[in-house]
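A quick write-up on the structure given underneath.
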Amino acid sequence: MRLMSFLTLLLSLALPATAEVEVHATGDMGVVIERTTGSVLIVDQSDMDVLARVEGFGDLSHASAVFSPDARFAYIFGRDGGLTKLDLVTQSIAGRVMQAGNSIGGAISDDGRLVAVSNYEPGGVRVFDAQTLDLVADFPTASKTIGLVDAPGGRFVFSMWDTGETWIVDMSDATPDVTKVSGMGANPYDALITGDGRRYIVGLFGEDGMSTLDLWSDAPVAQRILPGYGRGEEPLPVYKMPHLEGWALAGDRFALPAVGRHELLWLDAQKLTELGRTKTHGQPVFAVARPDGRHVWVNYAHPHNDTIQVIEAASGEVLHTLKPGPAVLHMEFTARGHQVWVSVRDANRIDIYDTQTFEKIGEVPAETPSGIFFTARAHRIGL
């Protein structure tokens, strides 16, 4: 009891004198982006409830978040170029900079010292001190940058829409080291890094296929995978580009959304060869594996965006279909996968499902919710 009293005293001293905030541990917290109101909800997974709504984040029409290693701070990347530091303990904005004109996401270094932001306008990537939000480095690219991820060793990796290059930036020393890899393909539109930090996979909009880099190699080179996966078939209109950070590594295989097709592609995680395909309800946007890798949950682009399908990884079969409501935008599993939280934008709520029974067990009101991000991401590469 004395230890707890002492810790409570320390926490209270760390808060502003005017704050009237009940102190919560951050381990089972998360944030929900309210895309049309420029606000962010701080939520509690255990209680399935909202702890606070914080306003002042600007344009969140395409927003994402990463977390500090201690899971106290969330860094919110807004579409308007705003980088905002949110304190989950005081439930307030701890810092904000307008660093560009149009941004498309960000990443935090493996040691938590640096936050990087990927920009459409003026292009390039800018890197900031995670504590102060002071600018540390600027990497102009003369191109829209996409697919920014963190990699082990204090590195950031990102790709260029216009030039088809991928840059690997090593920030571990005082002077950054940049490796440029050409020939990734036409119009990379998003990318991911595997949880072991080895493979960086890029989706291509300008051609039929994907590319990958082996980041364990001393001199990574572009390797094409799934070339011509739609060859001989008329492509469908693309209503929404898949978000590749949601690509699922389920056991020994990847589940990859096919661009402009009603298909999920299965790729051998070691050989990088196609294993098969699953016909889906619509054009997949997010394909997210439950943390144990047994099931993959998939949502879809308009006009099929009221539906989620649960697909078994081993067989590729659709096990269950859910109809949460209009405009299902995002799904986020709890750390051990017993629940999944689903944003239903046009119904202004978050639905919560038991992942064993597929039963809805709760809901949380939210204003036009989109991205859901839990603090467990603080301890995972690329998230």
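Heavy-atom basis, side chains included; hydrogens, waters and symmetry copies ignored.
- For the residue pair S61 and R79, no side-chain donor N or O sits within less than 3.5 Å of a side-chain acceptor on the partner.
- Ring geometry for F158 against W167 counts as tilted: the plane angle lies between 30° and 60°, on a 0 to 90° scale.
- The neighbour count for R294 CZ, taken as heavy atoms of other residues, nucleotides or ligands under 6.0 Å away, does not exceed 12.
- Taking the side chain as every heavy atom from C-beta outward, I201 and I225 approach each other to under 4.5 Å.
- In this structure a side-chain-to-backbone donor-acceptor pair under 3.5 Å is present from T334 to Q339.
- Between the side chain of T141 and the main chain of S143, a donor-acceptor pair closer than 3.5 Å is present.
- R96 contributes a side-chain N or O that, together with a main-chain N or O of F57, makes up a donor-acceptor pair within less than 3.5 Å.
- P369 has its side chain out of reach of I33: every pair of non-hydrogen atoms, C-beta onward, lies at least 4.5 Å apart.
- A donor-acceptor pair shorter than 3.5 Å cannot be found between the side chains of N299 and Q309.
- Here the side chain of D80 pairs a donor or acceptor atom with the backbone of D59 at under 3.5 angstrom.
- The side chain to side chain donor-acceptor pair (under 3.5 Å) search around T368 returns T36, not counting sequence neighbours.
- Of the possible donor and acceptor atoms, none in the side chain of D346 sits under 3.5 Å from a partner among the backbone N and O of A327.
- The environment of K323 atom NZ is dense: over 12 non-hydrogen atoms of other residues, nucleotides or ligands sit within 6.0 angstrom.
- Of the possible polar contacts, none joining the T166 side chain to the S159 backbone as a donor-acceptor pair under 3.5 Å is found.
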Applying side-chain contact (heavy atoms from CB on, under 4.5 Å), run through L265 and L226 and close with a yes or a no.
CA-CA 9 Å; L265 310 176; L226 293 173; 3.9 Å; yes

Step by step, work out the ring-ring contact (aromatic ring centres under 6.0 Å, His included) result for H295 and H320.
CA-CA 10 Å; H295 296 160; H320 200 78; 10.0 Å; no

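- Side-chain contact between V296 and V310 is absent, with no heavy-atom pair separated by less than 4.5 Å.
- Of all heavy-atom pairs between D110 and G153, the closest is OD2-N, 2.8 Å.
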Would V328 and N305 count as a side-chain contact (heavy atoms from CB on, under 4.5 Å) here? Give the steps.
CA-CA 6 Å; V328 173; N305 59 0; 5.6 Å; no

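- The closest donor-acceptor contact from the side chain of S118 to the backbone of G105 lies at 3.5 Å or more, if one exists at all.
- You'll find the side chain of E363 stays beyond 4.5 Å of the side chain of M48, heavy atoms only.
- Two residues are said to be in side-chain contact when any heavy atoms from C-beta on lie closer than 4.5 Å; P220 and Y200 fail this criterion.
- Checking D111 against S109 by side-chain atom types alone, a donor-acceptor pair falls below 3.5 Å.
- No side-chain heavy atom of R113 sits under 4.5 Å from any side-chain heavy atom of M171.
- Taking the side chain as every heavy atom from C-beta outward, H62 and I104 approach each other to under 4.5 Å.
- Side-chain atoms of Q45 come within 3.5 Å of backbone N or O of D28 as a donor-acceptor pair.
- Taking the six-membered ring for Trp, F373 and H330 have ring centres closer than 6.0 Å.
- At distances below 3.5 Å, at least one donor-acceptor pair connects side-chain atoms of D44 with backbone N or O atoms of S46.
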Kindly determine whether D87 and R72 satisfy salt bridge (charged side-chain N to carboxylate O under 4.0 Å, His left out), including the steps that lead there.
CA-CA 6 Å; D87 190 329; R72 174 168 181 171; 2.8 Å; yes

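- For the salt bridge (Lys or Arg N to Asp or Glu O under 4.0 Å) test, residues two or more places apart in sequence or in another chain that qualify with E207 are R224.
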Could you please spell out the steps behind the side-chain contact (heavy atoms from CB on, under 4.5 Å) verdict for V127 and V115?
CA-CA 6 Å; V127 182; V115 176; over 6 Å; no

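- Connection of M331 to F333 is established within a shared hydrophobic cluster, with ILVMFWY side chains joined at heavy-atom distances below 4.5 Å, either directly or through further cluster members.
- Note on ring orientation: taking the six-membered ring where Trp is involved, the planes of F358 and W297 are tilted (angle from 30° to 60°).
- F67 is not listed as a side-chain neighbour of L383, based on a closest heavy-atom distance of 4.5 Å or more.
- For the pair K144 and Y120, the cation-pi criterion (under 6.0 Å, within 45° of the ring axis) is fulfilled.
- Criterion: ILVMFWY side-chain heavy atoms under 4.5 Å apart, direct or through other members. Under it, V32 and V50 are part of a common hydrophobic cluster.
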Please report the C-alpha distance between L133 and Y75 in whole Å, then the side-chain angles of each, then the deciding distance to 0.1 Å, and finally whether the side-chain contact (heavy atoms from CB on, under 4.5 Å) criterion is met.
CA-CA 10 Å; L133 298 189; Y75 298 87; 4.2 Å; yes

